[in-house]
Amino acid sequence: MQTATKSRTKGYFGDYGGQFVPETLIPALEALSDAYDALEKDPEFHQQLDQALHHFVGRATPLSFAPRLSKHYGLKIYLKREDLCHTGAHKINNAIGQALLAKKMGKTKIIAETGAGQHGVATATACAKYGLECIVYMGEEDVKRQRLNVERMQLMGAEVRPVTSGTRTLKDATSEAIRHWVTHVEDCFYIIGSVVGPHPYPLMTRNFHRVIGLETREQVLAIEGRLPDALVACVGGGSNAAGFFHPFIDDKDVAMFGVEAAGFGVESQKTAATLSKGKPGVLHGSLSYLLQDQNGQVDLAHSISAGLDYPGVGPEHSYWKDEGRVNYSAATDQEAMRALETCAALEGIIPALETAHAFAWLDKQQAVKDGSLVVINCSGRGDKDMEMITEYRATTRGIA
Amino acid sequence: MNRLTQFFKQQPSGELAKTLFITAGLPSLDRFQSTLDTLVFSGASILEIGMPFSDPLADGPTIQKANELALQQGVNIAWILESVQTFRLRHETPVVLMGYINPVLHYGVEPFANECARVGVDGVILPDVPLEEMERVREIFHNHDIALIGLLTPTSTNERIQQLDTLCRGFLYIVMVTGVTGGDASQYTSKTRDFLERVRGLVKHNPVMAGFGIQQHSDIEPYKDLLDGFIVGSALLRILLDSEDQEVDNALDTFLSHLQP
C-alpha cells in the first residue's frame, strides 16, 4: 500500500501527471529530477540563469497599460509583454533554463520538438549561445506553415527534422522526439517545450516560466498598488499560462482564465479545446485531459495556430480545472483572428496567433465586471504568423 | 493454471522458447486468424498480439505503420478480444497482448482484465507503464490470473530489475537495445552480453525472453546460454506489410524457417 501511495504522489498534480514512458527512460528521468532538484537550491545556478534572462533575453519584460483596449472593453487592461523577449515569445525562458541545466549535467546534444516553431527557435537560440548541438523535430505540416522559423533555426546551426508520421504536427513531432530520446538517452538531453511530458518536465518547465508571473506581480503592485482582478492566458500545452498563473495561485481574489483553441468550434471535429472537450488519458508520458475517440485513440487536433494545435494539455492545468481554480474556455480561429486585428489596430501590437486566443476572451467574457483590473499575458508576437494572417484575411474578405 | 506458467514449466531446459509478434488485424481482418494458424504451425511457443495505438512511443516505423493500418481497418480492443476467443477454439498456445495504456484505461482496467481472462488471454505487456505507474494495474491483472509482463532495458538499474522480477509474472521481456523496435542485431555489442549476464544473475522468479532487433535465429544464437526465449516482431511484420498478397504465404514460410535453430 505504501508503494502505491508513493508512486501515485511522485510527479502528480492531484490525479494528473506521472511517468508513463518506456523503462529505458526512467533512469534518465531520475537523473534529471535529481540534477534539477540540486540546481534549484543552488544560488550559483540561479545567478547564471538570472544573468542570461536579463542580458540575453531582455527581462524583465514590461507590463504595459493598454489604454485603447481598456476603453474599448470597459476594463483596465495591462499586457505582460512576453512578446518582447528575445526570439519573440515566452518560450525562451524555459529553453535557456533547460539548456543551462543540460550543460550543468554535462550533456552536449539537445533535442526538441516544435509546433509553431517558437520553442524550436528558442531552443536553437539557447544551444547556439551555450555551444550545444541541436536537433529539432517538427511536423512536416508545420514546416510548411512556419517556413520562416525553420530558416531561423537552421541559421543558428540547428538541424530541423521534418516528421512525416501520423498527423505531421506537434503531436507527432513530440512522439518522434521521444523516440529519438529513447534511442540516444545516454548522451542526449530533451528540452520539452511545454508543461507536458513525464515528471519532472511539467514541474520544471512551469518553474522556468514562473518568472512571468513573479514579474507581473511585482509590476502590478508597483503600478496599481494592488493585485489584479483577473489574469488571462492562452493554453495549448499551457506553459505560458502555468508560469503566469502559478505565483498567484494562492491569491483567491485573483480570478484566472485559460483560453484554449476551439478551432472551428468546441463541438466541431476540428478543435484543440482539450480541457473543454477531452477526457483524462495518457499521451507523451503523462495523464491529463486528452482529445480522444471512443476507443482511446488520440484525436487529431485543429487550430489556426500551430502552437495550440495539440490534443493534450499540461497535467497541472487538468488539476486546476478539476479544482475549479482556473476557468478554462475556448476561442475559435475566427474569434482569435478578430481579437488579433482589434489589438493590432488599437494598441500597435500584433500578438501571435496563439496569444490572440487570450485576447479573444475579452470579446466573450462575462465573468469580470466593468472597470476590473485585468492582465493578459501577451505570450508572443505575431511576426511569424504574417503569412497565415494575410491568407486568412484574404479568404474571409473573399467570402464577405 | 495460466498457460504461460504451464508452458515454461514443461519447456525442456536449453531450448529457446519462440514468441512471435503480430499487430492485430494484419495482414487484413479476414486473414488474421489464418495468419495466427501459420504462426502456430511454424512452432510459435507464445503469440504476442499488438493492440494498435495512435502514438506508439516505443515503436519504430514498422510497428507504427502496422498500427496505422490496423486502426484504419477499425481494430479496437473489443475486436481483439473476440479474435482471441475465436483463436482459443482451435489452439492452446499462450497469448499475450501488447499495447499502450491509454486505450486500456479508456476501456477500463478491471473490465479489460476480466474480459482477457474470459477469452483466454494469458499475459499483458504495457510498454508505457514502468514500475512507477504499475501499481494502479498490477493487482487487477494478477487477480484475474493475467500475467503482467515487465520490460527490462540496458538502462535498468539492478534494483529495478529485482523489483520487476518480484512484481511481474509470466516472463520478463528483455529489451536488447537502448532504443525502439525494428532495428537489427548489428546494434548488439559486448555491452549486450554484459547486460544479459547482469539480468541472469539478478532474476530469480521469471523466465527471460529477449526482443528488439531479432530477425533470425542466428541473431540470438550467441546469447542462447543466458535466455529462456526470444521475441520476433518488426521483422515478421515487414514480411506481411511488404509482400504482395499472393506472395505472403511463401515469404512468411521462408522467414519462419529462419527462426528455427
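To find a chain, count down the sequence lines: A is the first, B the second, and so on, and within it residues start at 1. Just so it is clear, the model here is predicted, and its values are computed rather than measured.
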### Task
Quick one: closest heavy-atom pair of B:Phe53 and A:Gln297, and the distance?
CA-OE1, 3.2 Å
### Task
Would you mind telling me which of A:Lys279, A:His284, A:Gln292 has the largest number of heavy-atom pairs within less than 4.5 Å of chain B?
A:Gln292
#### Entry: From A:Asp299 atom CG to B:Ser54 atom OG, the distance as rounded to the nearest 0.5 Å
8.5 Å
### Which atoms of A:His184 approach chain B - backbone, side chain, both or neither, heavy atom under 4.5 Å
neither
### Message
With a sphere of 6.0 Å drawn around CD of B:Glu139, does it hold more than 12 non-hydrogen atoms of other residues, nucleotides or ligands?
### Response
no
## Note on the structure
Max heavy-atom pairs within cutoff under 4.5 Å with chain B, candidates A:Ser165, A:Ala28, A:Ser175, goes to A:Ser175
### Query
Are any of the side-chain heavy atoms of A:Lys171 and B:Asp55 separated by less than 4.5 Å?
yes
### Task
Please look at A:Pro22 and chain B and tell me whether the side chain, the backbone, both or neither of the residue comes under 4.5 angstrom of a heavy atom of that chain.
both
### Query
Under 4.5 Å between any side-chain heavy atoms of B:Glu132 and A:Val21, yes or no?
no
### Query
Between B:Ile77 and A:Asn295, is any pair of side-chain heavy atoms under 4.5 Å apart?
no
### Query
Tell me, side chain or backbone of A:Glu176 under 4.5 Å from chain B's heavy atoms, or both, or neither?
side chain
#### Entry: Close contacts, residues 147-160 of chain B versus chain A, judged by heavy atoms under 4.5 Å
B:Leu151, B:Thr153, B:Thr155, B:Ser156, B:Arg160
### Message
Would you compute the distance between atom OH of A:Tyr12 and atom CD of B:Glu133 and round it to the nearest 0.5 angstrom?
### Response
3.5 Å
### Message
Using only non-hydrogen atoms and a strict under-4.5 angstrom cutoff, which residues of residues 56-74 of chain B touch chain A?
### Response
B:Pro56, B:Leu57, B:Ala58, B:Asp59, B:Gln64, B:Glu68, B:Leu71
### Residues forming a side-chain hydrogen bond (donor to acceptor under 3.5 Å, both in side chains) with A:Asn207, sequence neighbours excluded
A:Tyr36
### Query
Between A:Thr183 and B:Val180, which heavy-atom pair has the shortest distance, and what is it?
OG1-N, 3.9 Å
### Query
Should we say atom NZ of A:Lys109 is surrounded by more than 12 heavy atoms from elsewhere, each under 6.0 Å from it?
no
### Query
If you check every heavy atom in residues 96-106 of chain B against those of chain A, which residues fall under 4.5 Å?
B:Ile101, B:Asn102, B:Pro103, B:Leu105, B:His106
### Query
Is there a side-chain contact between A:Gln19 and B:Val129 (heavy atoms, below 4.5 Å)?
no
